[in-house]
Protein chains: 2
Amino acid sequence: MTSNQKQHYHHGDLYKSLLDAATELLREGGVEALSMRKLADRVGVSRMAPYHHFKDKNDLLCAIAEQGFRLQEGCLSECEVLPTATALEAYVLTYIRFSQEHVETYDLMFGRDIWKTGAPTESLKQVSKVTFKRWVDWIERLQRERVLSTDDSALRVAQSSWAGLHGLCRLFNDGIYLNPEDLESIARTLVNSWLETTSIKR
Amino acid sequence: MTSNQKQHYHHGDLYKSLLDAATELLREGGVEALSMRKLADRVGVSRMAPYHHFKDKNDLLCAIAEQGFRLQEGCLSECEVLPTATALEAYVLTYIRFSQEHVETYDLMFGRDIWKTGAPTESLKQVSKVTFKRWVDWIERLQRERVLSTDDSALRVAQSSWAGLHGLCRLFNDGIYLNPEDLESIARTLVNSWLETTSIKR
DNA sequence: ACCTCTATCTTGACACTGTCCAGATAATAT
DNA sequence: ATATTATCTGGACAGTGTCAAGATAGAGGT
């Protein structure tokens, strides 16, 4: 290892190639279409080659999820600088849009495959924790600015509101609610329920 | 078929035995531990025997989910006769408790395994639709009684509130939120956000 | 230059999975 | 008794994740 990480051996840049191909496979057919063997095949290496870059299939999934968190972070951070009045709705819509444009990645990021059945990587746990903490901080700010109710702690409001947001995304992503036209409307009702006074409500 | 369905052949009552054993396997190790082969093995029949009672693995999962809906219905219906003041909170707590006591079944009932990846049975679709309709009807009643806001239609309120409830259950069931002590507290915050005026809020 | 070390990649093998297919068995209908 | 039909069995196939042992080849030290 001279300057970079550990690439440029036989294949050239297997780690990145694998991650890219895996994300592609995931997008094409969900997590059940993403097999280690197909992945190796697509990249053009043998069955076991990926195992020198990812300990497990779980490890690979965690890496994809982590990548997803970073991407999401990029999308959401744009909303936080907006003026308070429009920021919340923008945030929610951005969150929803991300979950729709990256259905399978979202499923991995918050799915039981990793968090319950498998075992989340240390770095994945950290990234997700940071993301959630930023949400709590933001809720706190909105409470200070009297946009959100202060009846409950910022943590509790953050948890329950995120539950709503997450639940909504899941219902659509999992194929339970089907009409995508309703999504925005439901989201508005949801945000409405968070707001402090009826006077602000639209 | 003389009087009952189609049992009492070689095994006696394979359909029910399979359903029971499958639910048991599910409870023991989640959906990934429930394999058709292990199931057949546990019941004491050959690999392919279950396929004469369930077209598919998907078909079996749908049957378990359907059974779950009926069980849930039984739990929830007890809350609807309660006086309005306490009914909502009781409903929510009952819903949450069910999802905790039947983690894997709940996952099947509202998971992508069936609704997106697989294909829900016609009867499963119907049962779930009826369950949701009862929720909407109840929301409507609570709106009439001024417990819930009438800013949005009963359908929208039902959708967004259920999203919250479902999202909360998922976060815990999928292993994202871990501290079960927080659950009730978050649930209260959630219900709080649904209520019409601050005067009613606790 | 060579030799060693270690990272990288390959192949064989194993124990699983869902389920198609062809046959065996047994209960029911005629 | 015979025919039909429901039920059950075992063989086979194409998948899966991954352990273990070996091949290859680039890097570092002499």
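Below, chains carry the letters A, B, ... as their sequence lines are ordered, and counting in each starts from 1.
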Exercise. With heavy atoms under 4.0 Å as the rule, sort A:K38 into base, sugar-phosphate or nothing.
Key: sugar-phosphate
Self-check item: Touch class at under 4.0 angstrom, heavy-atom based, for A:M48 against every strand present
Solution: base
Self-check item: B:K38: partners by salt bridge (Lys or Arg N to Asp or Glu O under 4.0 Å), with sequence neighbours left out
Solution: none
Self-check item: Listed nucleotide nearest any side-chain atom of B:S35, set C:dG18, D:dG17, C:dT11
Solution: C:dG18
Exercise. State which of C:dC9, C:dT19, D:dG17 makes the closest approach to the side chain of B:D56.
Key: C:dT19
Practice problem: With DNA chain C as reference, determine whether B:K55 or B:H52 sits nearer its 5' end, using the nearest nucleotide of each. | Solution: B:K55
Practice problem: May I ask you to check whether over 12 heavy atoms, not counting those of B:Q126, lie within 6.0 Å of atom CD? | Solution: no
Quiz item: Around atom CD of A:E184, are there more than 12 heavy atoms of other residues, nucleotides or ligands at under 6.0 Å?
Solution: no
For nucleotides 12-14 of chain D, give me every protein contact, N/O to N/O, under 3.5 Å, one pair per line with atom names.
residue : atom : partner : partner atom : Å
D:dA12  : N6   : B:R47   : NH1          : 2.5

Exercise. Taking the six-membered ring for Trp and the full ring for Phe, Tyr or His, determine whether the centres of B:F110 and B:W115 are under 6.0 Å apart.
Key: no
Exercise. Side-chain contact test, heavy atoms from C-beta onward, threshold under 4.5 Å: evaluate it for A:Q67 versus A:L124 and give yes or no.
Key: no
Self-check item: Charged N-O contact under 4.0 Å between A:R170 and A:D107
Solution: yes
